[in-house]
Undergrad: 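The structure that follows is given in the form of structure tokens.
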2 protein chains.
Amino acid sequence: MSESCRHNGRTSCTVPSSEQVQDLLLQAEKLCAGRQQRFTELRRKVLELVCQYKQPVGAYDLLDDLKQTGRSAAPPTVYRALDFLQSQGLVHRLATNNTYIACAHPQHEHTGLFFVCHRCGFTQEVHTDEIVQAVRQQAVTLDFTVEKAAVEVSGTCHDCQSGNDDV
Amino acid sequence: MSESCRHNGRTSCTVPSSEQVQDLLLQAEKLCAGRQQRFTELRRKVLELVCQYKQPVGAYDLLDDLKQTGRSAAPPTVYRALDFLQSQGLVHRLATNNTYIACAHPQHEHTGLFFVCHRCGFTQEVHTDEIVQAVRQQAVTLDFTVEKAAVEVSGTCHDCQSGNDDV
DNA sequence: CAAGTTATGTTATATTATAACATAACATTT
DNA sequence: AAATGTTATGTTATAATATAACATAACTTG
């Protein structure tokens, strides 16, 4: 497991703080370059927007943001960019609530594991080898070739359990 | 096949064969009665329709079917019935493709674990204690109270791997 | 620079789901 | 059984999410 990323089942992978966004964009640029993929201005911009949200964001929110920047934009503009970013593992889609979130560790392939608080919306991406292994083992049993696994757990986060009313 | 329910991590839970649908409806009726929930004609009908599909089905397909029966029906008709059926654990929603599938073992609470073949659409619900336990353990680590966990794995099923072109 | 490929712009529309409010059916108490 | 409250359904409209289809622009490669 890479030095720069120590997600070992205890460490949560939250969205980077805003001063880290530039780093992440640079990293994305390098990853794409290495794969002969075009990390265009539009794609960079969409990734930047996704990163700036600390939480999952809807496609139409991103579309509004894009329009704010003066650039012409329609739904396909943002959906195509999101498709590309997902294909490169830079963004995950949360199927249970139709939102998108930046991946904090795009260096290595992984299944998306999310814990989503349905009270405050806080969403944590985690790495849990046990879950990944269990899914893989079940796939072997079924003779099923896994392409993509999505694990989305909804419930109440730490902060929202403690009768904390002011979220 | 199914006697009662022997889902032990090796047994896949497929949708019951059509001669079993009536059993499942009876079972659903009893479950609802025991919970003081109203298993109305409409809800029964929608569950019956969902059961008759061997595979996940979209809400609007169900709506079309409902209309076929002569009954008046609009989107809320089917969505409300599906919401109820989900609340009773009789139906699962597959978030990754916006479809609904009957639960073959509504007797006991469980997280939905699905392997979906993106070639033929074949969808298998399974029980895997290892996955459930791993998710539970991670939740404890995060101090997260799980309400609902969805695991949806997409890939290629056994039959579709073997260069089988005539699916 | 010519030709092929990939990305983006643009318009329209498909698909999925819910809001809001009226009516009907059921449940409970009297 | 009538009155009342609650839950379910009917109905119309619309919101929210996503894609089709085709034209143009920008890169890429020989």
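A note on names: the letters A, B, ... follow the listed sequences, proteins ahead of strands, and every chain is numbered from 1.
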Undergrad: Residues two or more places apart in sequence or in another chain: which of them pass side chain to side chain donor-acceptor pair (under 3.5 Å) with A:Asn97?
TA: A:Thr99
Undergrad: Any donor-acceptor pair, under 3.5 Å, between the side chain of B:Tyr60 and the base of C:dA17, if you only look at N and O atoms?
TA: yes
Undergrad: So, taking the atom named CG in B:Leu47 and the one named CD in B:Gln27, what distance separates them when rounded to the nearest 0.5 Å?
TA: 10.0 Å
Undergrad: Check ring-ring contact (aromatic ring centres under 6.0 Å, His included) between B:Phe39 and all other residues, then give those that pass, not counting sequence neighbours.
TA: none
Undergrad: Name all residues meeting the side chain to side chain donor-acceptor pair (under 3.5 Å) criterion together with A:Asn98; count only those two or more places apart in sequence or in a different chain, and write none if there are none.
TA: A:Arg93
Undergrad: List the residues meeting side chain to side chain donor-acceptor pair (under 3.5 Å) with B:Arg71, not counting sequence neighbours, and say none if there are none.
TA: none
Undergrad: Going by atom types only, do A:Tyr60 and A:Asp65 share a side-chain donor-acceptor pair under 3.5 Å?
TA: no
Undergrad: Between residues 64-89 of chain A and DNA chain D, which residues have a heavy-atom gap below 4.0 Å?
TA: A:Pro75, A:Pro76, A:Tyr79, A:Arg80
Undergrad: Tell me which of A:Ala59 and B:Gln37 sits closer to the 5' end of DNA chain D, going by the nucleotide each one is nearest to.
TA: B:Gln37
Undergrad: Does anything in residues 142-153 of chain A form a side-chain hydrogen bond (donor to acceptor under 3.5 Å, both in side chains)? List the pairs, not counting sequence neighbours.
TA: A:Thr96-A:Glu152, A:Asp143-B:His158, A:Thr145-B:Gln161, A:Glu147-B:His118
Undergrad: If you round to the nearest 0.5 Å, how far is SG of B:Cys51 from CG of B:Leu24?
TA: 4.5 Å
Undergrad: Under a 4.0 Å heavy-atom cut-off, which of residues 92-99 of chain A touch DNA chain D?
TA: A:Arg93, A:Asn98
Undergrad: What's the spacing between B:Leu113 CG and B:Asp129 CG if we round to 0.5 Å?
TA: 9.5 Å
Undergrad: Going 5' to 3' along DNA chain D, between which two nucleotides do contacts with chain A fall, using a heavy-atom cut-off of 4.0 Å?
TA: D:dT17 to D:dC27
Undergrad: Hey, what bend do you get for the helix from C:dC1-D:dG30 to C:dT30-D:dA1 if you fit axes on five pairs at each end, rounded to 10°?
TA: 40°
Undergrad: Within the 4.0 Å heavy-atom criterion, would you say A:Tyr100 contacts the bases, only the backbone, or no part of the nucleic acid?
TA: sugar-phosphate
Undergrad: Listing request: all side-chain hydrogen bond (donor to acceptor under 3.5 Å, both in side chains) pairs with a residue in residues 73-87 of chain B, at least two apart in sequence or in separate chains.
TA: none
Undergrad: Can you list the residues that meet the side chain to side chain donor-acceptor pair (under 3.5 Å) rule with A:Arg35, with sequence neighbours excluded?
TA: A:Gln88
Undergrad: Return the 5'-most residue of the pair B:Gly58, B:Arg38 with respect to DNA chain C, ranking by each residue's nearest nucleotide.
TA: B:Gly58
Undergrad: Scan residues 36-45 of chain B for pairs that pass side-chain hydrogen bond (donor to acceptor under 3.5 Å, both in side chains), counting only residues two or more places apart or in two chains.
TA: B:Glu29-B:Arg44
Undergrad: Is a side-chain donor or acceptor of B:Gln55 paired with a backbone partner of B:Thr123 at a separation under 3.5 angstrom?
TA: yes
